[in-house]
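Okay, so here's the structure we're looking at.
Letters A, B, ... mirror the listed sequences (proteins, then strands); counts begin at 1.
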There are 2 protein chains.
Amino acid sequence: MGSGEVKRVSLAVIRRLPKYHKCLGELLQKNVERVSSQELGRILGFTASQVRQDLNNFGEFGQQGYGYNVEQLYNEIAKILGLNTEHKMVIVGAGKLGQALAGYRDFERHGFKILAMFDVDPHLVGSKVRDVPVYDMNDLIYYVNENEVDIAVIAVPRERAQEVADILSKTLVKGIWNFAPVEVDAGPNIIVENVHLLDSLLTLSYRMNESKLMERLARKNEKKTGFVKIPAE
Amino acid sequence: MGSGEVKRVSLAVIRRLPKYHKCLGELLQKNVERVSSQELGRILGFTASQVRQDLNNFGEFGQQGYGYNVEQLYNEIAKILGLNTEHKMVIVGAGKLGQALAGYRDFERHGFKILAMFDVDPHLVGSKVRDVPVYDMNDLIYYVNENEVDIAVIAVPRERAQEVADILSKTLVKGIWNFAPVEVDAGPNIIVENVHLLDSLLTLSYRMNESKLMERLARKNEKKTGFVKIPAE
DNA sequence: TAGATTGTTAATCGATTAACAATC
DNA sequence: TAGATTGTTAATCGATTAACAATC
């Protein structure tokens, strides 16, 4: 590995970053000044080792014998997550889901500003949700480019999702947050994050079913291998 | 490992199950009769090896020289996911998000039947969304037990989420699908699946920011280690 | 039968945990 | 200083991939 090269950060680490961020935000609220990897790990259910390894992917934020300064670490992680600059968002699809997202205060609090929504339904176009205006879908490209929108949320039905992605791929958006239950393709320059709600529900269902399933499997194995199975080693 | 014992299935495998299920459903639609691990892997972006390893956690569903029968494998995975029995759901919180979920047809198609919604707001109580009635929050415990509800969806604001979980922990529900941005605790007998939308958005933001971040890191490393760094080994 | 493809064991890879010298 | 806790290297664990005998 040559000078200055950096090993790629694994997805597992990335998915833990928002947890650190949230936890540190809460500690900050409570005016906690410093925190050790041990304590941070205890709160989040990680080992101290993992906490230190995770953070050291991005820099040396701690101090021996002291730990980490909560405020400083919070700000560093915010920077890593790209929260130091404001993000401009639009929501494509002003149905119930789009409206729900438009009303979600948490996003704005983290610097994600929802500028507008877009829909094909003439009954919705011209209305407002909270204070977010709903515009005609035909104006999407123009609006996005004109207002330097960063992120587009896809909240349209499955059938329309890829069309929307195609439109967006002609714009300057850098990210798509996709709620439609299909993988959309928007070319190599746009990052797509999928929220597949059905997958999440099916995972819940699996876990509710797991103990029964394992019993059945165990019985089947018994039958197959005879009453006593000698372990492989 | 004694007779009939079964090694625990890893979360990574579990999270892939819905992908297999979806893919097989689509193949079934197209009247594809058989599929090899190779082909299935190609579609989903997994290796053939991984496909076979994943499936063999649950049984031997294939046939040498043939592959897997699409319909049979689809049904087996449905069983593994607990989709062979219908699930009764209620949605707690009839705001925009609750309404959006109530209108989502995909759930019903997979055997998740939404029976009712619950809210504290007297303006909402008594109304209907699609054909799902909204009842008073006070009737939640009674309704859930009376109608043998399996799964409760938490779609209330952050501040109310734990209260709702406490109520649900006194009922016979087996699973909670939590959309509030807090970890809720509902005791050891109820499985909780969290959908933390903000985490997902922050992950998108990280990835949009990653190349810039890595450049900065690389420069910092250069400075720290001098112009040429000799690799460790 | 010959070819294809499984189920499964072994090898590899990567992520997590443990250990410890460095140092505040 | 002595105690605490980091950053980092080494050891362990688990998940993915490769290989191949079994067999349809």
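- By the 30° and 60° cut-offs, the orientation of the rings of B:Phe58 relative to A:Tyr206 is perpendicular.
- In this structure, A:His87 and A:Phe112 have parallel ring planes: the angle between them is below the 30° cut-off, well short of the 60° mark.
- Distance check: A:Asp150 CG to A:Lys88 NZ gives 8.0 Å after rounding to the nearest 0.5 Å.
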Listed pairs, N/O of protein and of nucleotides 11-14 of chain D, under 3.5 Å:
none

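- Between the CZ atom of A:Arg8 and the C1' atom of C:dA15 there is a distance of 16 Å, rounded to whole Å.
- Whole-Å rounding puts the A:Glu60 CD to D:dT5 P distance at 18 Å.
- Note on B:Arg16: a side-chain N or O is less than 4.0 Å away from OP1 or OP2 of D:dT16.
- If you check C:dA18 for Watson-Crick or wobble pairing at under 3.5 angstrom, you find it paired to D:dT9.
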query: Tell me, for nucleotides 18-24 of chain C in 5' to 3' order, what letter each nucleotide earns: B for a base near a protein heavy atom under 4.0 Å, S for only sugar-phosphate near one, - for neither?
result: BBB-BBB
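- For A:Phe58 and D:dG7, the CZ to P distance is 14 Å, given to the nearest whole Å.
- Summarising the geometry, the separation between CZ on B:Arg42 and C1' on C:dT5 is reported as 17 Å, rounded to the nearest angstrom.
- One finds no salt bridge joining A:Arg105 and A:Glu108 here, because no Lys/Arg side-chain nitrogen approaches an Asp/Glu carboxylate oxygen to under 4.0 Å.
- If you measure from atom CG of A:Asp54 to atom P of D:dT6, you get 13 Å, rounded to the nearest angstrom.
- No contact: B:Phe46 has no heavy atom under 4.0 Å from any strand.
- OP1 or OP2 of D:dG7 lies within a sub-4.0 Å distance of a side-chain N or O belonging to A:Tyr68.
- Between B:Leu197 and A:Val195, the closest side-chain pair of non-hydrogen atoms falls below 4.5 Å.
- If you measure from atom CG of B:Leu55 to atom P of C:dT5, you get 15 Å, rounded to the nearest angstrom.
- Between B:Asn69 atom CG and C:dT5 atom C1' the separation is 15 Å, expressed in whole Å.
- When both pairing distances are held under 3.5 Å, C:dA4 makes a Watson-Crick or G-U pair with D:dT23.
- In terms of heavy atoms, B:Ile77 sits closest to B:Leu17 at CG2-O, 4.0 Å.
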- prompt: Between B:Glu60 and B:Asn56, is a side chain to side chain donor-acceptor pair (under 3.5 Å) present by the stated rule, with each step listed?
  reply: CA-CA 6 Å; B:Glu60 300 170 25; B:Asn56 278 90; 5.4 Å; no
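- Note on B:Arg15 versus B:Glu193: salt bridge recorded, some NZ/NE/NH1/NH2 to OD/OE distance being below 4.0 Å.
- Between A:Tyr20 and A:Tyr68, the distance from one ring center to the other does not fall under 6.0 angstrom.
- For D:dT6, the OP1/OP2 oxygens have a side-chain nitrogen or oxygen of A:Ser37 closer than 4.0 Å.
- Salt-bridge formation is not detected for the pair A:Lys22/B:Asp199: no Lys NZ or Arg NE/NH1/NH2 atom is positioned less than 4.0 Å from an Asp or Glu carboxylate oxygen.
- Near DNA chain D, meaning a heavy atom under 4.0 Å from it, residues 27-36 of chain A has A:Arg34, A:Ser36 in order of number.
- With rounding to whole Å, B:Ile14 atom CD1 is found 10 Å from D:dA15 atom P.
- Between A:Gln50 and A:Arg16, some side-chain heavy-atom pair lies under the 4.5 Å cut-off.
- A parallel orientation is assigned to the rings of A:Tyr74 and A:His21, their planes being inclined by less than 30° (bins at 30° and 60°).
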